[in-house]
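Because the structure is a prediction, the values reported are computed rather than measured.
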Amino acid sequence: MTAGRGVFITIEGIEGVGKSTQLSRFVRVLEREGLPLDVTREPGGTPTAEVIRSLLIEHGDEPIPRSAEALLMFAARALHVENRIRPALEAGTWVVSDRFVDASRAYQGGGRGIPESTIETLAELALNGLEPDVTILLDAPVEVGMARAAARGDKDRFELESHAFFERVRAAYLSIAHACPERFVVIDASGSVDEVGGAVERAAQDVIYRFNKIE
């Protein structure tokens with residue numbers, strides 16, 4: 001992070017860990033400090049990237065091979081980075097994104113088995129050096145996440161994946177977090193909404209303190 005630049009924060013985790021709910025709690029802490037904020041998501045975040053999101057998330061008649069899935073994810077991400085995230089950061093705005101490149105490392109890499117070298121080549125092309133300053137990883141056992149996702153009703157294309165797929169995704173997330181302890185905050189998301197929310201709010205306060213934004 002350079003002087004005058006905003007802070008880039010991402011929220012990650014498998015399906016059912018409560019990302020949307022806990023992202024809102026995280027953002028409320030930042031809002032109370034009066035920080036300039038842009039809250040976004042992946043895949044998506046720009047008009048064209050949202051079109052790509054619909055291709056990736058919805059159930060279509062045509063199967064999407066893992067190579068096409070990865071390329072679509074990074075195409076949407078390139079749009080997101082260049083047209084929304086980078087301009088916001090350069091303007092001094094704090095950006096909070098529901099998923100970012102670690103999702104591809106975990107889902108397309110760990111889950112689908114695409115080689116790490118391929119994922120990182122795509123990341124280099126799409127991100128042009130951009131990485132999050134902080135990543136909050138909400139972690140819970142796969143059976144907990146799948147049960148919560150099932151309770152929401154209709155499943156998207158990813159939520160229909162197998163238990164084994166999500167075990168691989170979770171393992172990949174934890175491996176990435178272990179390799180990047182300076183960036184990751186891992187929060188146990190298996191508890192109640194308020195228990196997890198308390199940990200998320202404390203993490204948000206720590207991020208504010210770390211980047212010296214309290215007046």
Heavy atoms only: give me the nearest [X]-[Y] pair and the separation to one decimal.
{"X": "Ala140", "Y": "Ile14", "answer": "O-CD1, 3.9 Å"}
{"X": "Phe100", "Y": "Glu12", "answer": "N-OE2, 2.7 Å"}
{"X": "Val17", "Y": "Ala189", "answer": "O-CB, 3.7 Å"}
{"X": "Thr93", "Y": "Asp38", "answer": "CG2-N, 3.6 Å"}
{"X": "Gly110", "Y": "Ala172", "answer": "CA-CB, 3.9 Å"}
{"X": "Gly45", "Y": "Ala49", "answer": "N-CB, 4.4 Å"}

Neighbour count above 12 (heavy atom, 6.0 Å) for His163 NE2: yes

Any [X] side-chain heavy atom under 4.5 Å of [Y] side chain:
{"X": "Glu120", "Y": "Glu124", "answer": "no"}
{"X": "Leu130", "Y": "Leu89", "answer": "yes"}
{"X": "Arg170", "Y": "Pro141", "answer": "yes"}
{"X": "Glu143", "Y": "Arg148", "answer": "no"}
{"X": "Met73", "Y": "Leu122", "answer": "no"}
{"X": "Leu137", "Y": "Val185", "answer": "no"}
{"X": "Ile11", "Y": "Val96", "answer": "yes"}
{"X": "Thr10", "Y": "Arg99", "answer": "no"}

Hey, is [X] close enough to [Y] for a salt bridge, meaning N to O under 4.0 Å?
{"X": "Arg112", "Y": "Glu69", "value": "yes"}
{"X": "Glu31", "Y": "Arg25", "value": "no"}
{"X": "Arg183", "Y": "Asp133", "value": "no"}

Stepwise side chain to side chain contact (heavy atoms under 4.5 Å, CB included) test for Arg210 and Val134: CA-CA 10 Å; Arg210 174 179 168 186; Val134 179; 3.6 Å; yes

Sub-6.0 Å ring centroid separation between Phe165 and Phe158: no

Steps toward side chain to side chain contact (heavy atoms under 4.5 Å, CB included) verdict (Val81, Leu79): CA-CA 6 Å; Val81 166; Leu79 288 160; over 6 Å; no

Could you check whether any side-chain N or O of [X] sits under 3.5 Å from a backbone N or O of [Y], counting only pairs where one atom can act as donor and the other as acceptor?
{"X": "Arg53", "Y": "Glu58", "result": "no"}
{"X": "Asp139", "Y": "Ile187", "result": "no"}
{"X": "Ser54", "Y": "Val51", "result": "yes"}

Do [X] and [Y] land in one hydrophobic cluster if side-chain heavy atoms of ILVMFWY residues count as linked below 4.5 Å?
{"X": "Ile9", "Y": "Leu37", "answer": "yes"}
{"X": "Ile119", "Y": "Leu56", "answer": "no"}
{"X": "Val196", "Y": "Phe26", "answer": "yes"}
{"X": "Leu138", "Y": "Leu174", "answer": "yes"}
{"X": "Val27", "Y": "Val29", "answer": "yes"}

Side-chain donor-acceptor contact under 3.5 Å, [X] with [Y]:
{"X": "Ser97", "Y": "Thr40", "value": "no"}
{"X": "Arg77", "Y": "Ser104", "value": "yes"}
{"X": "Asp194", "Y": "Ser192", "value": "no"}

Intermediate values then yes/no, side chain to side chain contact (heavy atoms under 4.5 Å, CB included), Gln22 and Val193: CA-CA 8 Å; Gln22 301 304 339; Val193 171; 3.9 Å; yes

Just how far is it from atom [atom1] of [X] to atom [atom2] of [Y], taken to the nearest 0.5 Å?
{"X": "Glu116", "Y": "Ile176", "atom1": "CD", "atom2": "CD1", "answer": "8.0 Å"}
{"X": "Phe184", "Y": "Tyr173", "atom1": "CZ", "atom2": "OH", "answer": "8.0 Å"}
{"X": "Glu33", "Y": "Trp94", "atom1": "CD", "atom2": "CH2", "answer": "8.5 Å"}
{"X": "Glu42", "Y": "Ile52", "atom1": "CD", "atom2": "CD1", "answer": "10.5 Å"}
{"X": "Thr121", "Y": "Phe74", "atom1": "OG1", "atom2": "CZ", "answer": "9.5 Å"}
{"X": "Leu35", "Y": "Ile208", "atom1": "CG", "atom2": "CD1", "answer": "5.5 Å"}

Verdict with supporting geometry, Leu127 and Val101, side chain to side chain contact (heavy atoms under 4.5 Å, CB included): CA-CA 9 Å; Leu127 306 186; Val101 67; 3.9 Å; yes

Under the salt bridge (charged side-chain N to carboxylate O under 4.0 Å, His left out) test, residues paired with Glu82 that sit two or more places apart: Arg86

